[in-house]
Amino acid sequence: MTDNKKGHIQTIVITAAIIAVCIIFNYAVSGKFLTGNNIKTLISHAIIPCFMAWALCFVFACDFTDMSLGAVVILAANMSGFLGETKLGYFGIIIGAVGVSMALMVFNFFLFAKSKIPSWVASIGMVMVYEAIAIFYSNHQLTSGKTIAQLSEPMRGLAKAPAIYVVFGIGFALAYLIYNRTTIGLKVRALGSGQKIAEAMGIDTVKTIITVGIICGIFVGCSAFLNESYSARISVKTGLTSMTMIFQPIASVMLAQVLKAKINIIIGIPICALLVYGIFNMLTIAGVPSGTLQEAVLGLIVIAFGILAQRKQKKVVK
Amino acid sequence: MNHILEVKGLCKYFGSTIANKNIDFTLKRGEIRGLAGENGSGKSTLLQQIAGIYLKDEGRMILNGKEYDPQNPLDAKNNKIGIVVQELGVLNTLPAGVNVFAGNWKQFSRFGIINMKKMYQKANDIFETYGLMKIPLNADCAEMSIESRKMLELARALSGNPDILILDEVTQSLSQNNREMLYQLIARLQKEGKTIVIITHDLEEMLEICDNITVLRDGEVITTKACSELDTDEIKRLMVGRQVNSAYYREDAVADYKEEVVLQAEHVNVPYTLNDISFELHRGEILGFCGLSDSGIHEIGTAVFGLSHDRTGSVTLTEGNILIKNELIAGKNGMAYVPKDRDGSALMIKDSILNNFVLPSTTELQGKCMYLSPAKLKRFAQNGVEEFNVKCNGIYQKMQDLSGGNKQKVNLGRWLLKDLNVLVLDCPTRGVDVSVKAYIYHVMSEVKKKGLSMILISDELPELLGMADRLIVMKDGCIKGEFIRGNNFTQEALIEVMV
Amino acid sequence: GTNKEENNSSGSVQESTDDAVKSNGLKFAGDIVGQGSVALDNFVNELEYDFTSMGASFQIYNDNFTADTQMQNVETMASKGYDGLMIYGWNNTSYKQISATCQMTKVPFAMYDQISRDDETTAMLNENEYYAGSVGTDSYMCGANAASEMLKNGEKKALILGGAVGDTIHDKRVEGFTETFKEGGGEILGAGRCTDPSEGTTKFDDLVSANPDAQGVYCLAGDYSVAAISALGNHGDVNIAVYQSDTTKETIPYIKDGTISYADSGSKIVIPIASALLVNYAQGNIIKDEAGNAPYFANVVPFSVTAENADQFSDLYLTGHPLTPDQMNELVGKDVTYKDFKEFIENYSFETSLEK
Amino acid sequence: MKQKIDMNKAVPFISLGVILIVFAILTGGNMFSPFNLRTLLDQTVILLVLCSGAIFVVALGCCDLSVGVVSGMCAVVSDIVFMVTGNVFLMVITAIGIGIGFGALNGVINAKFKVPSFMETLALLIGLRGIINFIQSKVGVTHAGDAILMLQKQYIKIPLLILILAVSWFLLERTSFGRNARAVGENEILAKYVGKPVDRVKIFCFMLSGLTAAIAGFFIIARSGGTSTTMGTMYEMKTLIAIYVGGVLVRGGSTASAYKMIIGCFVFMIIENGLKIMGFGSSEISELVEGILLMVILFITIHAENRTVKIKKKTTAILIE
Ligand SMILES: Nc1ncnc2c1ncn2[C@@H]1O[C@H](COP(=O)(O)OP(=O)(O)OP(=O)(O)O)[C@@H](O)[C@H]1O
Ligand SMILES: Nc1ncnc2c1ncn2[C@@H]1O[C@H](COP(=O)(O)OP(=O)(O)OP(=O)(O)O)[C@@H](O)[C@H]1O
Ligand SMILES: [Mg+2]
Ligand SMILES: [Mg+2]
């Protein structure tokens, strides 16, 4: 009971500290931080990677690591952009993104489960394959005189003010329900206790792993079409650089894992994403150049959260 | 029909170990059956096959007159068989309330959404209706105490409203009032016409609550008798059965060690496991530790060797007055620890015999610049393999290809080649057959004569009685008694203190 | 150009093969700093077109943005035995190694777009008999021009948005912009450098939030203009004019409707010229300037793209190619001299190329 | 009974043989022109240097994704030191200090704070790249000093490489330190129970990886003639892939050995070089083929090992503990 009380006090102290930092910072940059517009910007920035963080949360829940999420987003976003400009319209945007990412994620998970190659290594292999496919596509477009898929202005509503909040709301409800309130969510989390013990409890692990692929596909797909709608186009990347796309979501998930005991991880993720992006936003406002020291801060945050998240770890860690 | 379950000709092999040999076993409706037998006699294996955790190798089972062949624990649960296993089996990543219905969550879902409230409600109902100890249902299991986890497993077994409830050594990890609760629960279930199977090493407890008792020995059913025809002595006779060869263990009947104290443990505490342990180890002594599984005997080993980080109190090597703060100091000062989990924590199972053999001695074998001459290593390992009679195809064979006994020879042998002061042995003969056992005991006697002090932790009483100079009996993390060889050194006396 | 044939705007390579093929059967290769960005992919396309127009074949190698991969590519190309190499000189520290490699394997090479700017390196290159010449765009001037334009419009507070630090072209543009802008009394409020254009929107969103008083933004490439414009859509109350280098297809409508105040482009013209130098060398016609050195054209300054010429620009430079095969072939042959090149460059302007 | 051929030991040789034959045919022998062989060796040097330290981290069962960025960092800073002081010795000391320092940081965070090495070094990769960009944006691109350019000379490069490889081989396979590192990879609990200084071994392995990264940094500048922000990018992946492709399993331990690493580096570079010689210069084909080959080879290596361990299928054992 005292533990509980202590926990509450801790939460209040942390929240108060965050608010205090925000206010002081706002004062320091002469009110540029806490403007309505900036907060709106901040929130929509946090929403897009939030979906990727939810997907990662499911990936981590069954004890895998998937580095290929960025490459999947690129492919899915391009498909989404391509279908968005056909007669299918918004339906195409959503179906294109979600369909492609679902297919790729299921394939990934199937590979992890069946090949016995450690998931993070296998996923790096898949990054190479997916990036190559993306360049094939982009080159093909170029030689036939077109550019890669780009959404025209009227089709980009999904990333605009009311729609993006609706998408977020739906995504949040879905993530929350699946993770906490469905058989499959529970099965996925059971896998995290070890494949063998889950099997002993009568859980069909292969089937579960494939379903996780489908679920992750939905979230990665959402992230993809939001990305495409937000930036109009996603250019393809080579040489494994697509992996950089998951760094910030990983930071959010790790922070959410630290807070897991206090806040449900699915709720924690958007909060943490907001926090992480808040830091970046602050740095930008403070004039720290992006592409240089901001990245250094991101690295530091990931390490710090990693240390926090692992502080009670007793198992052998590689 | 009166029989709820019939097992016919059941066999189960683990590699070359025959865990169950041609078992015939019948359960009557509404009876409380006890299963007695030495460690490793195949009790758990039998029951786990019934509960679908192990697949049977041969034989058949008939449940309620129908052929019954469970493929997984859910099958068993659906056939109304519930089990609480000996080793802990909970999903650490999920809350307790969810664990109660592990694998069976569908029943709460409507339109795909699970009604968590209903699940927790029902879990709560189970705890309430059966009067189980309350545990926080929405907390993750990872940090729960063993007793809470047992409660959870019990609730999970009961959640299927089983006709047959199997309890494998549940009582030993429960506190007294929870035990009382369990007894009442068993009595009540029996009244409802359920069948209950119990394994416990507390024979008096067993006689008290059971109707009939089946005795197993070496994987075979020896007999099944009504409790009224039995007493503890009779059960023990049936359990042990065989004549213990006198040459098997040490031959001397009295304690024999030097006065010199080699190692001293003072007020050793480890949160939740050890409680104010103090003892002395003398030169050339084999100091045995015995107790039930959760009594803390295994933690003695890790605590003495400096492996428990939250240990308080002191362990000192008298020579040079060295405080064993961690495993590095221990290793450097002639201590060695042979853990219980041989494959998991004592061997590099995928590496060669040679590499396993030389690992503890690399510091002694290295030349300048940490150089290890391959020829020297080869000679060392070859020598060890010959000295300890390891049956293998050469020193480059992989460890995992060896039989259990030979693995253990490597595991022990590599330490005995070193110049040690103190050797801590945790269950050194686990999963090893009679002849290798005899060989290990023989080697232990040899090194004892040379002045090596040993701490022998074991859950096999005959072994302890056969080998130890002194025996410390533990219960609930405390020292409960001490016996000296030749002085009331009997199994009965020990069990008296243990339970 | 004497040819009356209408401008080959579709850009199809096949249509031109019935022209006189002068350099039949030669094989060339070249490297590109990276792939995935529209401007660079356009370069690759142009390289392939130009060499095919001259009757040769061309193979591109991707440097993946690392100097080390560039060296690896140059070595591989050299050892494969091409008739000449087109070197994208984006990393000026590696010129010496590249030159040495080509000398050792006796492969002629020309440098394009990004070329050496210091005399020492140029002298070093001139000592190499396999060096066919350099044709470069003045990236510094791109930035400087944008800055002057901004100052002219009375805007004194600028933002910059572009590719990651280390992208030598973008770095040069930033340098030109910053120096000119500061000299003119302007102030640069912030710079967003992104690993790729999809990050641009987010980064620029933040920048605008931080600096709502900015008056202009210099986008280092067309992709970033698109990003900046979509970010500006989220901020109703700011008034920031967009300036860009490297016009891309997506930005053409914005140039036409005035969303983009100033745009330049046209560095692509360096490719046909550099290719012609290389092909000449490979055919034995080694072109030297008055001083007897390999030609060095560092002065190809991009022109501005305006609402009026945007469509033609798009036809010539984005979907099509600046020179027709015939124009190309006029620059190749036994009788072509340094003067021809010089005249071509001096006479060439976007407007004149439209006339043909 | 004869001892079985250990598939895990044979796989690297088999893959090298197969790759050689395949590319010999596909490139029509072009691959083995004297100049290209030299080029191939040249291209492999950096990878070999990096691998000779990273193999220790892999032997632990960990991975070091920061080798590329650390080598870049060492190169950038040491080059600046050289430009300012003109002192070669100081430059070398700076580079090695930085390399070992970051290695030690990785090691401490992994061993003491139990952060998975994969996460931790990935974070370092992001962060340091930002710092390199920052330094470069302040200082600008610098040319390599003449002393560094000497490293391009074959008569210096090759003996130095052989020395590094020899030291790495000796440490890994002929010393108690190497044995301890591999024991940690096989079974960390055992290493602890046997009384090995597990944490110290781990930290030292990471430091070695940092050291070779620093040395590789010199080779990288020597090759490209000066610094750039992208120095060393993707070398972390190339290093790991080369080691894994050589037949070292991800768990490290006894499967980690120097010859596998060397073969792995060559296999990897032969694939890369061969594809380019065949005319796949743009990245899509090489990346695709590399990705697929990586997974095929890993799959074969892993299953080649499991082949000798036929687990009794019939028992679905419940997990203890
Ligand atoms: N998973 C397994 N793999 C290999 N051997 C096993 C396994 N489980 C049990 N055994 C072996 O089977 C035999 C019977 O074991 P079992 O667990 O049934 O004994 P038990 O009677 O329950 O003993 P205890 O009283 O110690 O619980 C023992 O020799 C044991 O070593
Ligand atoms: N997984 C395996 N792969 C290859 N050979 C094996 C394997 N397991 C055992 N062997 C070989 O089979 C033989 C018998 O091994 P087994 O485990 O049956 O012995 P055992 O009779 O149980 O002996 P112990 O009493 O020592 O356990 C041994 O020579 C061993 O080398
Ligand atoms: Mg048992
Ligand atoms: Mg055996």
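The structure displayed is predicted, hence computed values, not measured ones. Residue numbers begin at 1 in each chain, while the letters A, B, ... track the order of the sequences.
The part of A/T65 that comes within reach of chain D is its side chain, from C-beta onward, which places non-hydrogen atoms under 4.5 angstrom from that chain. Interface remark: D/I132 contributes no atoms to any contact with chain A (heavy atom separation under 4.5 Å). Within the 4.5 angstrom heavy-atom criterion, no atom of D/V57 approaches chain A. Both the backbone and the side chain of D/I131 come within contact range of chain A, each with at least one heavy atom under 4.5 Å from a heavy atom of that chain. There is no contact between D/K192 and chain A, counting heavy-atom distances below 4.5 Å. For A/I250, the part sitting under 4.5 Å from any heavy atom of chain D is the side chain, from C-beta outward, and nothing else. Proximity to chain A is limited to the side chain of D/M234, based on heavy atoms less than 4.5 angstrom apart. With a threshold of 4.5 angstrom between heavy atoms, D/I135 does not approach chain A through any atom at all.
Heavy atoms only, all atoms of each residue included: D/V69 and D/L124 are closest at CG1-O, 4.2 Å. Taking each heavy atom of D/L47 and D/T239 in turn, the nearest pair found is CD1-N, 3.9 Å.
Most heavy-atom pairs under 4.5 Å with chain A, from the set D/P116, D/G252, D/C62: that is D/P116. Of the residues considered (A/V129, A/L298, A/V297), A/V129 shows the highest number of contacts with chain D, using heavy-atom pairs under 4.5 Å.
In this structure, the separation between CG on A/L111 and CE on A/M126 is 6.5 Å, given to the nearest 0.5 Å. Atom CE of D/M119 and atom CD1 of A/I307 lie 13.5 Å apart (nearest 0.5 Å).
Between A/E131 and A/S242, the side chains place a donor N or O and an acceptor N or O closer than 3.5 Å (distance only, hydrogens not considered). With no hydrogens or angles considered, no side-chain donor-acceptor pair links A/S123 and A/S68 at under 3.5 Å.
Two rings, from A/F110 and A/F107, have their centers 6.0 Å or more apart.
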